[in-house]
Structures are given as C-alpha cells and as structure tokens.
Amino acid sequence: MRVGESFCPGILHAVQAKDGLLTRIRVPGGMITPSQLAAVAELSTSFADGQVEITSRSNLQLRAIQKKDLNSLVQGLHSAGFLPSPEHDRVRNIVTSPFAGLGFGEILDTRPFVQELDRRLIADQGMAGLPPKFSFAIDGGGDWFARDSDDLTLRVVNVDDTHLFHFIIGDTFSGFCVRVDEALDCILEAAKICLNISKEFEMPARGRKIASVPHAMGRLLEGVSSFLVACPSPDRSTLVAHMPVGVYATQRSDFASLVPLVPLGRLTAEQLQCVAVIAKECDGDIRLAPWRGIVLGSVTERSISQITALLEAKGVSFDGKDGYRGIAACAGSTGCDASLTDVRRDASLLARRLAGRNTKPGWTVNISGCEKQCAMRNGATAELIASSFGYDLRIDGQFIASNCSLESVMNKVAACQAEMPIEVFS
C-alpha cells in the first residue's frame, strides 16, 4: 500500500490497499456512543471484511471495501454522525486519555475540552488545511499512555493550587504554561501558525519538525506569546507504557472500567455489536484507546461478572493471558503489496507461543512486513522487520540478527520476555 499524506485515508478519501479500499473514521478523543459503535459494526459486516480496527490515535478503520459498496458505506457513516464536515474529514486527531472522567489519577476531566476543540476545528475552514496526521493531545494529568509524540499537547499541572496546561510542541516542552480558560484559544492559534510556518519555511506543518528548527520554534512561540505564562518543567513520571487489561476502579464508588484485550487492534463486528449492546443496556461509556484498544467505563460493580462472561463468550479476553498483550503488527501481505510476509499470521503464532505467561509492564513487540515499518510505535522492546529471507531483529533498540527464521526470532523474543506479574493501576 502506498504511504504519504496524499494516501492517508478518511471517510471521503478511501485509499486502495491490496485487500480492497481502506477508510478511516474520525472519533475525536476516542469518545464514541453505543449507537455509533453498532453502526460501524453493521457497516463492516455489510460493506467491509467484518472486522473493525482501532488506530493508535483512537480512530476506527475499515478494510477490504469494494468500490461498488463505497457510496453506501459513506452514506451509512454520515448518517451515524461521523462526517460533521466534508472539508474536515481527515482533520481528526484529538487524543486524550481513554480514562478521562473515570479515574487513573487525573487532575482535570478533559472531555469538555475535547468536545469544544472539535467543534471549533470543524467551524474553522482554515483548519481543513492541517495535515491528516496532525494530532492534538489534551492530557488531564493522570497516567498518560505512551505513544508517538503529538504535534501540539496541553498537559495539565497543579501550580500553587491553580490548574495550568503545560504547552508542548512535538515532544519538546516549550518552557511555558497556558491558563485553562485560554488553553483552546492558544492551541488553535498555534495550529494556524504551524500552517503559516509550513509555507514560510517550506517544511511540514508538524510539531516535531517545527520544534527541531530553532527559528521555526521561535516563530511559533512568538505567535502565541500572549497566552503563555511561566511555570515549572513538566513531571514525566506519569508516563506509562503498559497496555491495561482487566477491571479498574473509577472515581465513582461501586463503578468500574472494563478493559478487554484487543488482539492486534482488531475486533470482529459481532464482538463490537456485543460491546455496544452492553454499553447501551448498562449506560456505560465507550472509549477507544491509543494502545489500539477499548475501554468500557462506568459499569456497576455488580454487573462486572455478567458483562465479562458475555464478552468472553464472544472471544474477548480480560486476563491478558492469550499472548497478544503488547504485540503490534502492520497489515502484512494480506493487505499490503509492500509487505514481504504475512505478519499477522506470524504475530498470532508468536502470541500462541507466549500464551499463559505474564508480561513485564511496558514490554512490546512490533512486527513489520517491510523496512518502512508503517504505523508502528516507537521504542518497542522487540522489533521484527521482514526481509527477503526471514526477519531482522532489534531488541531494546540494538540490532541482534538478520534474516532469521520465524522460529529463531520467536525463540529470541520469548527469551527476552521477563516473567513478571502484570502491573495493576487503580
């Protein structure tokens, strides 16, 4: 499959992959209603491959769509409320914690900020020019689940009993904070300046690129200087790399959040329909997560055993012992012409090898079908990159071997996986 911004998919920008057309659905903040989730599941059954993928920016993706079905799919997604503005189809990346308003030590509930930011983005025609991968992040101050850096980030901090937002460009702290009541004004103005910088300096309008060029970074900070206030450096101690699985306490007594394991970020339409029905019946919150997972929040504790039993009957695990925890894979040869092997098949074989074992928190594996390593997170514990004669292997960033057989690679990966209890956060 071709890569680059011209081929970044949306609802109105389906792109051709080996297995058919691919479309990506914007879900700001990963917040989705049961009826919307059910609609996506039904549309996947009717017009895609019966699977639904969750992306690392908490959006959704459908594959294997035939050209004759594309219009019907687009109409169905529009009816479900996923296309508020055709011009902003691919301006979609607003990331927040999937536990916003639910717990995990957050200082501030970010949901109202996400909703207002999305409303203002869509109302601004100029924002339609943002690159499809441009990402806003709003962090409420609790556990922040490790992922690639976003372009513009607001991370809440408590300073002298006052809430402020650290202002971060790419992965670089600006040295300043923003007042809560001016946070959205600031981040939207910063996005406009990113577009201007892109034209002025002939560079991508991306936070990490701008932060790496001193005069571009200075131009951005100067443009938002009226919003900036002095503040201490951010504490990164809340950054975590683990993939939650299981039952977690919430801020409401007698309620919990349920976090199933989503193998390779993909669930069947039947499984998603089951989640949607349960969420509707129990008045729960559904959140898509940046580890390519899902959270079912605000579930009463007395209903936990019944809900987990229903989902486990559909093949949805809550114990993290099926071996898939921490494993990520690209589309592989079944969905991409560039892939040299069926990495999803190999990922499943590795998971079968690791099944039943506890994994060290933060332990991750990337399996890529070619050297481009599309859509893979940075800093995985083990990286398997397909070559013409097997797999190249890196562990903890260090090159280990090239052209290894699958069996040899699995042996090495299994050996480096520490046998430690799964970390639990409450």
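These values consider heavy atoms only, across backbone and side chains, with no hydrogens, waters or symmetry-generated copies.
Of the charged side-chain nitrogens involved, none lies within less than 4.0 Å of a carboxylate oxygen, so that Arg63 and Asp49 do not count as a salt-bridged pair. With salt bridges taken as basic N to acidic carboxylate O contacts below 4.0 Å, one links Arg120 and Asp185.
In Glu87, the CD atom is crowded: over 12 heavy atoms of neighbouring residues, nucleotides or ligands sit closer than 6.0 Å. The number of heavy-atom neighbours closer than 6.0 Å to CD of Glu371, taken from other residues, nucleotides and ligands shown, is 12 or below. A 6.0 Å sphere centred on CD of Glu270 holds no more than 12 heavy atoms belonging to other residues, nucleotides or ligands. Heavy-atom neighbours of Glu42 CD from other residues, nucleotides or ligands within 6.0 Å: at or below the threshold of 12.
Between the side chain of Ser198 and the backbone N or O of Cys194, no donor-acceptor pair lies under 3.5 Å. Without hydrogens or angle criteria, Asp151 side chain to Ser135 main chain gives a donor-acceptor distance under 3.5 Å. Using a distance-only test at 3.5 Å, with no hydrogens or angles considered, a donor-acceptor pair links the side chain of Asp89 to the main chain of Leu12. Looking only at distances, a side-chain donor or acceptor of Ser174 sits under 3.5 Å from a matching main-chain atom of Phe167. At least one donor-acceptor pair closer than 3.5 Å links the side chain of Asn93 to the backbone N or O of Phe134. Side-chain N or O atoms of Arg266 include none that pairs as donor or acceptor with a backbone N or O of Glu53 at under 3.5 Å. With hydrogens and angles ignored, the 3.5 Å screen pairs no side-chain donor or acceptor of Ser368 with any backbone N or O of Cys370. Formation of a donor-acceptor pair under 3.5 Å by the His88 side chain with backbone atoms of Asp124 is found in this model. A side-chain donor-acceptor contact under 3.5 Å links Tyr248 to the backbone of Val245. The main-chain N or O of Ser333 is found under 3.5 Å from a side-chain atom of Ser339 such that the two form a donor-acceptor pair.
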Verdict with reasoning, Leu188 to Met127, per side-chain contact (heavy atoms from CB on, under 4.5 Å) | CA-CA 9 Å; Leu188 287 165; Met127 291 298 181; 3.8 Å; yes
Show your working on side-chain contact (heavy atoms from CB on, under 4.5 Å) between Gln75 and His78 and close with a plain yes or no.
-> CA-CA 5 Å; Gln75 291 172 11; His78 185 267; 5.7 Å; no
In sequence, state the C-alpha distance, the side-chain angles, and the governing distance for Ile169 and Leu152, and then conclude on side-chain contact (heavy atoms from CB on, under 4.5 Å).
-> CA-CA 5 Å; Ile169 300 99; Leu152 297 172; 4.2 Å; yes
So Ile294 and Arg287, side-chain contact (heavy atoms from CB on, under 4.5 Å) or not? Walk me through it.
-> CA-CA 6 Å; Ile294 195 166; Arg287 314 286 179 82; over 6 Å; no
Between Asp342 and Thr334, does a side-chain hydrogen bond (donor to acceptor under 3.5 Å, both in side chains) hold up when you go through it step by step?
-> CA-CA 6 Å; Asp342 187 349; Thr334 59; 4.7 Å; no
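Residues Cys330 and Gly369 come closest through the heavy atom pair SG-N, 3.2 Å. In terms of heavy-atom proximity, Arg26 sits nearest to Pro84 at NH1-CG, 3.8 Å. Minimum interatomic distance between Val365 and Trp363 (heavy atoms only, all atoms of both residues): CG2-CH2, 3.3 Å. When all heavy atoms are compared, the tightest approach of Leu102 to Glu106 is N-OE2, 3.8 Å. In terms of heavy-atom proximity, Leu70 sits nearest to Ala14 at CD1-CB, 3.9 Å. Of all heavy-atom pairs spanning Arg208 and Ser149, the tightest one is NH2-OG, 2.7 Å.
Phe113 pairs in a side chain to side chain contact (heavy atoms under 4.5 Å, CB included) with only one of the listed residues (Ile187, Leu108, Val156), which is Leu108.
One distance of note links CD1 of Ile65 with CG of Leu73; it measures 5.0 Å at 0.5 Å rounding. To the nearest 0.5 Å, the span separating CG on Asp392 from OG on Ser387 amounts to 4.5 Å. One finds the CD atom of Gln115 at 4.5 Å from the CE atom of Met31 (value rounded to the nearest 0.5 Å). A distance of 6.5 Å separates CD1 of Ile307 from OG1 of Thr300, quoted to the nearest 0.5 Å. Rounded to the nearest 0.5 Å, atoms CZ (Arg206) and OG (Ser212) are 12.0 Å apart. How far CG of Leu60 is from CG of Leu62: 7.5 Å, rounded to the nearest 0.5 Å.
The shortest side-chain heavy-atom distance between Leu21 and Phe47 does not fall under the 4.5 Å cut-off. Under the 4.5 Å side-chain criterion, counting only non-hydrogen atoms from C-beta, Asp396 is in contact with Thr381. Looking at heavy atoms from C-beta onward, Asp139 lies out of side-chain contact with Leu154 at the 4.5 angstrom threshold. In this structure, the side chains of Asp322 and Pro263 come closer than 4.5 Å at one or more pairs of heavy atoms. Annotation: side chain of Leu195 is in contact with side chain of Leu130 (closest heavy-atom distance under 4.5 Å). Counting heavy atoms from C-beta on, the side chains of Asn71 and Val74 never come closer than 4.5 Å. Side-chain contact between Val262 and Arg292: absent, with no pair of heavy atoms (C-beta onward) separated by less than 4.5 Å. Put simply, the side chain of Phe82 reaches to within 4.5 Å of the side chain of Ile11, judged on heavy atoms.
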